[in-house]
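Beneath this line is the structure, given in structure tokens, with notes to follow.
All ligand and atom numbering here is 1-based and tracks the order in the structure.
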Amino acid sequence: MSSHAASKQVIVVGSGLAGLSAAHAVLQLGQKVTLLEMMPKYGGNSIKASSGINGAPTRFQPLPDDLFYQDTVKSSGVIYQQSDANRKAEREALMKTLVDNSQSAIYWLTDRFGVDLAAVAQLGGHSRPRTHRGTGKLPPGFAIVSQLWKDLETKYSQQATLRTHCRVTRLLTDSKGVVGVEFEDLESDSKLETLYGPVVFAVGGFAGDTTGLITKYRPDLVNFPSTNTARPQSIGLLEDIGGQLMDMESIQVHPSGFVSPEEPLSRDKFLAAELLRGEGGILLDSKGKRFVNEMLRRDQVTDAIFKYCDEEKNDDIRQWKVWLVLDEGSTNKIGSNIGFYQFKKLLAKKKISDFADEIPNIKESIKKYAQEVSDKKDTDFGRTAFGGWTLKPEEVTDDTEIIAGRITPVLHFTMGGVKINPEAQFLNTENQPIKGIWGAGEITSGVHSSNRLGGSSLLECVVFGRIAGSHAASSLKSHF
Ligand SMILES: Cc1cc2nc3c(=O)[nH]c(=O)nc-3n(C[C@H](O)[C@H](O)[C@H](O)COP(=O)(O)OP(=O)(O)OC[C@H]3O[C@@H](n4cnc5c(N)ncnc54)[C@H](O)[C@@H]3O)c2cc1C
């Protein structure tokens with residue numbers, strides 16, 4: 001018997017939502033799991049998620065909803081449309097898996113882990129409200145991730161081994177496929193260790209890697225700021241074992257990262273969550289005029305910013321002059337997140353007259369928009385969902401208080417990565433599954449094509465994380 005033949009654990013790499021979902025799926029099948037995370041703290045980019053997680057139909061939605069698949073296909077854009085018939089079918093199978101498992105993903109989080117996801121918003125590109133978050137103070141990424149982690153620590157302390165500061169440096173293979181990992185313990189002089197078992201690889205995306213993979217695949221985006229943690233990338237480990245890269249140029253430039261008045265030129269931006277527009281926020285250009293239907297998809301809103309808004313002149317960072325403006329009704333609907341943004345000075349609450357120097361025409365623009373909301377008719381841009389906006393045109397005076405902050409487009413999400421199939425298997429360059437390893441989350445490719453809908457990343461983590469974990473656990477019997 002070889003040293004790894006007796007392995008009786010699944011190895012999960014990465015402690016974001018994809019890795020945590022996979023780990024729980026393994027435990028649900030009664031198998032053991034070891035989770036390796038290179039950072040000192042768990043959660044990856046997942047813990048920052050601030051708008052919510054999609055699912056349909058669910059008991060939390062205010063309207064019946066059978067349009068999620070249609071919206072997902074529409075959002076996937078030219079890469080999907082221009083794919084040949086085989087590739088199209090592969091992408092459709094992934095989107096179908098995502099949507100068909102979305103209800104059970106939401107109920108898994110609410111009913112099994114007790115996560116509050118009872119508030120539902122409609123984000124850009126969605127034709128129904130279907131992005132779930134909690135009704136209390138916790139942002140959705142933090143609420144979900146911390147609950148899943150806490151359960152691993154408290155309820156499964158015998159079956160789950162959780163190791164932070166451990167960076168996987170190599171995937172170990174034999175003639176059958178992947179059989180384990182080599183990793184360095186960053187707390188003990190980077191000592192190399194090996195561990196054997198089937199692997200779930202959930203190491204996240206590369207939107208924070210502006211000097212590495214962004215330079216390689218999208219040099220035009222190099223000077224853009226990002227919402228994502230800059231960290232060494234691990235996709236090369238999959239390339240080393242023959243993983244097929246796909247859609248690497250497909251990088252989501254989110255329309256709204258906050259430009260902090262205290263550090264306007266910082267490359268690290270806080271995301272102005274899509275929820276802020278979904279629940280009523282509008283966008284104004286540097287002349288104080290609306291220029292887009294704020295409820296369009298992210299790529300469309302970003303393109304409108306490039307087309308209609310002024311770019312700042314700066315050699316080190318590319319940013320545009322755009323304002324996000326909310327009335328009191330919208331901020332009430334959004335809830336406690338607003339307080340956080342105000343605390344960070346990213347949004348300011350002031351009288352309309354106090355914004356007039358920075359945002360010319362602001363009073364006229366707000367009055368016009370308030371009239372359009374009252375009439376339920378946005379003549380210029382065709383917005384039809386107005387979120388929590390309640391301000392009436394006759395209430396708009398110099399003294400009316402509003403909330404506003406500066407935003408600019410930011411690198412946010414990578415649709416590309418290593419191709420998977422609906423069983424969450426990574427595919428090699430011959431389009432065949434690589435044995436002994438499964439993948440989920442932002443490292444994978446094929447689910448979103450040209451554009452990801454807001455709320456569908458947390459969802460893919462749960463859906464494909466659970467599939468990956470289940471298959472890896474089942475394979476323990478046959479492969480190891
Ligand atoms: C500010 C912000 C807000 C967002 N809001 C939303 C939202 O509201 N809804 C939504 O659906 N999506 C949202 N997203 C996107 C979403 O959060 C992420 O795409 C998704 O959570 C990625 O999850 P993941 O598990 O694939 O990766 P991550 O959560 O990034 O986790 C990957 C983990 O793997 C670890 N790792 C990497 N390499 C190694 C290695 N070699 N060895 C060991 N560990 C390794 C990393 O340190 C990291 O902890 C948001 C993203 C950001 C940045």
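A donor atom on one side chain and an acceptor atom on the other are found under 3.5 Å apart for Y80 and E92.
For Q342, there are no side-chain hydrogen bond (donor to acceptor under 3.5 Å, both in side chains) partners at least two apart in sequence or on another chain. Not a single side-chain hydrogen bond (donor to acceptor under 3.5 Å, both in side chains) links S21 to another residue, sequence neighbours left out. For H126, there are no ring-ring contact (aromatic ring centres under 6.0 Å, His included) partners two or more places apart in sequence or in a different chain.
For the pair R59 and Y107, the cation-pi criterion (under 6.0 Å, within 45° of the ring axis) is fulfilled.
In this structure, ligand 1 sits under 4.0 Å from heavy atoms belonging to V13, G14, S15, G16, L17, A18, L36, E37, M38, M39, G43, G44, N45, S46, K48, A49, S50, S51, G52, C166, R167, V168, A202, V203, G204, T227, N228, R231, S234, L271, H412, F413, G441, E442, R452, G455, S456, S457, L458, C461.
Under the 30°/60° scheme for interplanar angles, the aromatic rings of F413 and H448 are found to stand perpendicular.
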